[in-house]
Chemist: 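What follows is a structure written as structure tokens; I'll ask about it next.
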Amino acid sequence: DYLGAYEKYQRAEDETEAARVLCQSLVEKNPNEPKFQLILAEAYLRLKRLHDRLGKLGKSLAEGRAALEITKELVKQFPAVPSYRRALAISHGNLAASLSQLGRLEDTISERRSGRDIFGKLVERFPDEPEYQASLAQDHSVLGSFLYSYKRFDQARTEWEAGVNSWQRLTEQFPDVLHYRDMLGR
């Protein structure tokens, strides 16, 4: 039932907000501990996704921006840590999703491309890391679908082809990973 599901999400929102406050407290007490900053960014993203489901798009956008700012700062302070760059790319993608729901086409495309480009650089730097390759392939596919929905067919095709090529490389490198084959077939 709809009311029961809404109440469930409302409780989850309250609990996730409490976790975010705790994370914020950890960051304030330990400002030189980057892992707490990353956990705080992840808490913002969890809240963002809940607010998406609850239709609270203004809150969702603000939380997406908060996560993006935290991860940008982590990458600025620790440019050699790939997991922070990965978190930044994910933050761009999450912010793009909020912007899309608000109908902000050009901002959505810009954020999607920013995340895709970060994953592209991670793949260049760490070519044997399948997680980065899969994330790049997924970003190409998502961006292609988004561009297609706005009738930017040539750009969509370019993204889809890049995504297919990435999935193909992954299936060749890791033939036993069924997920890669499944994604190639989509």
Side-chain angles (χ1 to χ4, degrees), residues 16 38-39 41-53 57 60-61 63-72 74-75 78-186:
T16 305
L38 183 60
I39 292 169
E42 292 167 350
Y44 274 113
L45 289 179
R46 282 190 296 280
L47 270 172
K48 179 225 164 297
R49 288 188 287 274
L50 280 169
H51 286 141
D52 283 343
R53 291 185 182 113
L57 300 182
S60 173
L61 182 62
E63 288 143 358
R65 285 188 172 140
L68 183 68
E69 290 308 312
I70 292 167
T71 54
K72 274 185 182 178
L74 281 170
V75 169
F78 306 98
V81 179
S83 62
Y84 298 158
R85 286 189 271 160
R86 176 185 176 275
L88 177 59
I90 290 169
S91 294
H92 279 292
N94 275 278
L95 183 57
S98 294
L99 292 164
S100 175
Q101 289 184 331
L102 293 168
R104 294 176 52 186
L105 173 65
E106 296 305 323
D107 291 335
T108 300
I109 292 169
S110 176
E111 291 298 329
R112 282 271 171 226
R113 286 180 174 152
S114 293
R116 178 209 57 199
D117 293 347
I118 292 168
F119 278 124
K121 290 176 183 170
L122 284 168
V123 168
E124 286 175 16
R125 176 75 174 90
F126 304 99
D128 297 327
E129 178 55 55
E131 180 183 349
Y132 299 147
Q133 293 179 52
S135 295
L136 177 60
Q138 183 67 29
D139 272 13
H140 279 301
S141 300
V142 169
L143 181 56
S145 295
F146 182 79
L147 291 165
Y148 184 85
S149 71
Y150 283 94
K151 299 183 181 1
R152 295 185 179 188
F153 302 121
D154 290 339
Q155 294 174 32
R157 181 184 177 122
T158 299
E159 293 297 332
W160 282 337
E161 287 174 349
V164 167
N165 290 337
S166 294
W167 289 119
Q168 182 64 46
R169 280 191 301 277
L170 279 164
T171 60
E172 290 168 1
Q173 284 181 286
F174 305 96
D176 296 333
V177 180
L178 296 179
H179 174 69
Y180 299 154
R181 290 173 186 256
D182 180 51
M183 293 305 294
L184 181 60
R186 288 185 182 205

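These numbers were taken from a predicted model, which means no experiment stands behind them.
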Chemist: Which side-chain N or O atoms in residues 89-100 pair as donor and acceptor under 3.5 Å with protein atoms at least two apart or in another chain?
Modeler:
{"from": "Ser91", "atom 1": "OG", "to": "Thr71", "atom 2": "OG1", "distance (Å)": "3.3"}
{"from": "Ser91", "atom 1": "OG", "to": "Ala87", "atom 2": "O", "distance (Å)": "3.0"}
{"from": "His92", "atom 1": "ND1", "to": "Glu111", "atom 2": "OE1", "distance (Å)": "2.5"}
{"from": "Asn94", "atom 1": "OD1", "to": "Arg49", "atom 2": "NH1", "distance (Å)": "3.4"}
{"from": "Asn94", "atom 1": "ND2", "to": "Ile90", "atom 2": "O", "distance (Å)": "3.0"}
{"from": "Ser98", "atom 1": "OG", "to": "Lys48", "atom 2": "NZ", "distance (Å)": "3.2"}
{"from": "Ser98", "atom 1": "OG", "to": "Ser60", "atom 2": "OG", "distance (Å)": "2.9"}

Chemist: Should the ring pair His179 and Trp167 be called parallel, tilted or perpendicular, given that the plane angle runs from 0 to 90° and is split at 30 and 60?
Modeler: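 It falls in the perpendicular class, over 60°.
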Chemist: Let me confirm one number: the CG-OG distance from Leu147 to Ser149, rounded to the nearest 0.5 Å.
Modeler: 7.5 Å
Chemist: Looking only at heavy atoms, which two atoms of Pro127 and Gln173 are closest? And how far apart?
Modeler: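 Closest approach of Pro127 to Gln173: O-NE2, 4.2 Å.
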Chemist: Any pair with a residue in residues 137-153 that passes salt bridge (Lys or Arg N to Asp or Glu O under 4.0 Å), sequence neighbours left out, goes on the list, sorted by first then second residue, please.
Modeler: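 Those involving residues 137-153 are Glu106-Arg152.
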Chemist: Considering all heavy atoms of both residues, which atom of Trp160 and which atom of Ser141 are nearest to each other, and what is their separation?
Modeler: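 For Trp160 and Ser141, the tightest heavy-atom pair comes out as NE1-O, 3.4 Å.
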Chemist: What's the separation between atom CD1 in Ile70 and atom CG in Leu88, rounded to the nearest 0.5 Å?
Modeler: 12.0 Å
Chemist: Working to the nearest 0.5 Å, report the span between CG of Leu57 and CD of Gln101.
Modeler: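 Between atom CG of Leu57 and atom CD of Gln101 there are 5.0 Å.
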Chemist: Identify the heavy atoms of Val164 and Leu184 that sit nearest to each other, and give their distance.
Modeler: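 Shortest heavy-atom contact: O-CD1, 3.6 Å.
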Chemist: Indicate yes or no: does Glu161 engage Arg157 in a salt bridge with an N to O separation below 4.0 Å.
Modeler: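 Here Glu161 pairs with Arg157 in a salt bridge, since their nearest N and O are under 4.0 Å apart.
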Chemist: Can you give each donor-acceptor pair under 3.5 Å made by side-chain atoms of residues 114-126, sequence neighbours left out, with the distance rounded to 0.1 Å?
Modeler:
{"from": "Ser114", "atom 1": "OG", "to": "Ser110", "atom 2": "O", "distance (Å)": "3.0"}
{"from": "Arg116", "atom 1": "NH1", "to": "Glu159", "atom 2": "OE1", "distance (Å)": "3.4"}
{"from": "Arg116", "atom 1": "NH1", "to": "Glu159", "atom 2": "OE2", "distance (Å)": "2.4"}

Chemist: How would you list, by chain and number, every residue that makes a ring-ring contact (aromatic ring centres under 6.0 Å, His included) with Phe153, sequence neighbours excluded?
Modeler: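 With sequence neighbours excluded, Phe153 shows a ring-ring contact (aromatic ring centres under 6.0 Å, His included) to Tyr148, given in chain and number order.
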Chemist: Using the salt bridge (Lys or Arg N to Asp or Glu O under 4.0 Å) rule, collect all pairs that involve residues 89-102, keeping only residues at least two apart or in two chains.
Modeler: none
Chemist: How many angstroms lie between atom CG of Asp182 and atom OG1 of Thr171, to the nearest 0.5 angstrom?
Modeler: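 Spacing of CG (Asp182) from OG1 (Thr171) equals 12.0 Å.
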Chemist: CD1/Ile109 to CZ/Arg112 distance, rounded to the nearest 0.5 angstrom?
Modeler: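 Ile109 atom CD1 to Arg112 atom CZ measures 11.0 Å (nearest 0.5 Å).
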Chemist: Please, which pairs that meet salt bridge (Lys or Arg N to Asp or Glu O under 4.0 Å) have at least one residue in residues 81-101, sequence neighbours excluded?
Modeler: Arg86-Glu131
Chemist: Looking only at non-hydrogen atoms, find the nearest pair between Ala43 and Thr16 and report the distance.
Modeler: O-CG2, 4.2 Å
